[in-house]
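Written below as structure tokens is the structure these notes are about.
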Amino acid sequence: MMGERRNPRVGVISNSNLQRLALSQAVKGHGYELSLNSSFDRLDDAALGASDLDVLLVDMQDEDDDFLDRVLEHTEAPILFGLEVAPPQGTRQYPRWERRVFVKLQETVGEPVLNEHLEALEEAPAPVPHETIKLSQELVKRAAGDELEVVCVIAASLGGPAAVKDFLDCLPKGLPVAFVLAQHIDARMQDTLAHVLVRHNGMPCKVAEAGDRLKHGELLIAPVATEIDFGLAGDVVVRNQKWDGPYSPSIDQVIANITRRFGRRSGALIFSGMGGDGSISGPLMQDAGGFIWGQTAESCACSSQPDSMRSTGCVTFNGTPADLARHLVEHVQALIATAA
């Protein structure tokens, strides 16, 4: 389509196999196009010139003027040096390193082109009836109460809306869980998102604003424009400031805010998406006694986001959207039974 921005093309050059692998995963995992991936000695000048790069990441541990002149001769793309060595994947430092790489790319070439189309969800027929998940009378009784039993963050990015809708369609009414959705999406699409997610399941859903409150069996969507936090009773606190970090809304910040307020009553479900947003705060939620579960890679449109959370070691259950719905009911029933 004329005038449509292409996805930025990124090149990676490093003599370290591990660093090259980490950089290439960070590039692709955040949605950019990896157009060149080479060591110094295997770099093909013709391939470099033909790759039409928008930015080149060069991991150069020692100065090499001859190599730099050679690169500059064959590309006009900006070159990013001074990249930190990637920490081991699975450590708590790795998501922070990956985020810093993303911020550098974002500042240099802008956001990746990620097209999330909601039209299919607007036109989709009603889902095939599924087996009803039965709730105990005690669960239904707790759901009618004002005290929040469980507060669950739903985290999603590319491909997330369809998976989240499948999950919500499988949930029974009367579950004592309040939901907060942190979905990477254009702010202009949030109202449409609030409609399509619940068009078949009827769950109360809206973009959060001042005066709203977390309630059992309802879904609040974190706004793109401003950070939100929550009071002790689940009241929405609008911070009137941008979300911390490169994402809006920030899944990491939503998880951190929910963890700080609700501790062991908190949880997070990581659905389909690009990048690793959430992987910094996920382990903190686990430390506080909350749960972290992920959508299986096979059922994701894009598994980078749940894969990144899995690499932290804090994901204790993986499943399809339907599996996650069933497991949530079983988990909450077990919590209530234990507390009774």
Side-chain angles (χ1 to χ4, degrees), residues 4-5 8 30-31 99-100 102-119 121-122 151-165 168 178-199 203-215 218-231 233-262 266 268-282 302 305:
E4 190 172 280
R5 187 171 75 94
H30 285 87
R99 176 166 156 172
R100 289 192 289 272
F102 176 56
V103 168
K104 287 187 176 184
L105 289 171
Q106 190 183 48
E107 292 173 346
T108 306
V109 296
E111 299 278 352
V113 176
L114 305 176
N115 295 316
E116 189 72 76
H117 300 293
L118 299 180
E119 293 85 352
L121 292 182
E122 290 185 279
V151 179
C152 185
V153 178
I154 297 176
S157 180
L158 184 67
V164 172
K165 182 181 183 301
L168 297 176
F179 296 97
V180 181
L181 172 63
Q183 165 76 53
H184 297 162
I185 201 168
D186 190 303
R188 295 167 295 182
M189 300 175 69
Q190 282 203 304
D191 288 334
T192 301
L193 179 68
H195 165 70
V196 300
L197 288 179
V198 299
R199 59 186 291 255
M203 178 180 285
C205 173
K206 69 185 296 289
V207 179
E209 57 187 356
D212 289 331
R213 180 174 174 271
L214 290 169
K215 297 178 181 178
E218 299 189 9
L219 173 64
L220 289 179
I221 300 177
V224 171
T226 179
E227 180 189 343
I228 57 170
D229 203 343
F230 299 91
D235 302 285
V236 173
V237 178
V238 177
R239 293 298 187 194
N240 292 317
Q241 63 186 23
K242 291 183 178 180
W243 292 95
D244 180 47
Y247 304 99
S248 296
S250 166
I251 295 171
D252 268 312
Q253 194 63 54
V254 173
I255 290 177
N257 291 350
I258 291 294
T259 300
R260 185 178 62 254
R261 188 61 66 197
F262 300 104
S266 64
L269 307 179
I270 314 301
F271 286 94
S272 175
M274 283 283 190
D277 193 14
S279 297
I280 294 174
S281 293
C302 176
Q305 193 162 273

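If you're wondering where the values come from, they're calculated on a predicted model, not measured in any experiment. One is the number of the first residue; the rest follow in order along the sequence.
The minimum heavy-atom distance between Ala222 and Ala182, with the atom names listed, is CB-CA, 4.5 Å. Between Val237 and Gly231, the shortest heavy-atom distance links the atoms CG2-N, 4.0 Å. Residues Val164 and Ala156 approach most closely at CG2-CB, 4.0 Å, considering heavy atoms. Closest approach of Ala178 and Lys215 over heavy atoms only: CB-O, 3.3 Å. Minimum heavy-atom separation, Ser266 to Ile258: CB-CG2, 3.7 Å. Counting all heavy atoms, side chain and backbone alike, Trp243 lies closest to Pro223 at NE1-O, 2.9 Å.
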May I have the step-by-step check of side-chain contact (heavy atoms from CB on, under 4.5 Å) for Leu168 and Lys165, ending in yes or no? CA-CA 5 Å; Leu168 297 176; Lys165 182 181 183 301; 5.7 Å; no
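Residue Ile251 holds its CD1 atom at 11.5 Å from CZ of Phe271, rounded to the nearest 0.5 Å. To the nearest 0.5 Å, atom CG of residue Asp277 and atom CD of residue Gln305 are 6.0 Å apart. With values rounded to the nearest 0.5 angstrom, Cys205 atom SG is found 9.5 Å from Glu218 atom CD. Atoms CG and CD, on Leu193 and Gln190 in that order, are 7.0 Å from each other to the nearest 0.5 Å. To the nearest 0.5 Å, the span separating CD on Gln253 from CG on Asp229 amounts to 8.0 Å. Taken to the nearest 0.5 Å, the CD1 atom of Ile280 stands 9.0 Å off from the CG atom of Asp244.
In this structure, Arg261 contributes its side chain and Gly234 its backbone to no donor-acceptor pair below 3.5 Å. The backbone N or O of Lys242 sits nowhere less than 3.5 Å from a side-chain atom of Thr226 that would complete a donor-acceptor pair.
Between Leu197 and Met203, the closest side-chain pair of non-hydrogen atoms is not below 4.5 Å. Proximity of Glu111 to Tyr247: side-chain heavy atoms (C-beta onward) are nowhere separated by under 4.5 Å. Taking the side chain as every heavy atom from C-beta outward, Arg99 and Asp252 approach each other to under 4.5 Å. For the pair Ser250 and Glu227, the minimum side-chain heavy-atom distance is 4.5 Å or more. In this structure, Lys206 and Leu220 have side chains that are in contact, with non-hydrogen atoms separated by less than 4.5 Å. Using a 4.5 Å heavy-atom cutoff, the side chains of Leu118 and Ile185 are in contact. Residues Asp212 and Ile228 form no side-chain contact, since every pair of their non-hydrogen atoms from C-beta on lies 4.5 Å or further apart. Under the 4.5 Å side-chain criterion, counting only non-hydrogen atoms from C-beta, Gln106 is not in contact with His30.
Between Phe230 and Phe262, the ring planes are tilted. Angles from 30° to 60° get that label.
When the shell of 6.0 Å around CG of Asp235 is examined, it contains more than 12 heavy atoms from other residues, nucleotides or ligands.
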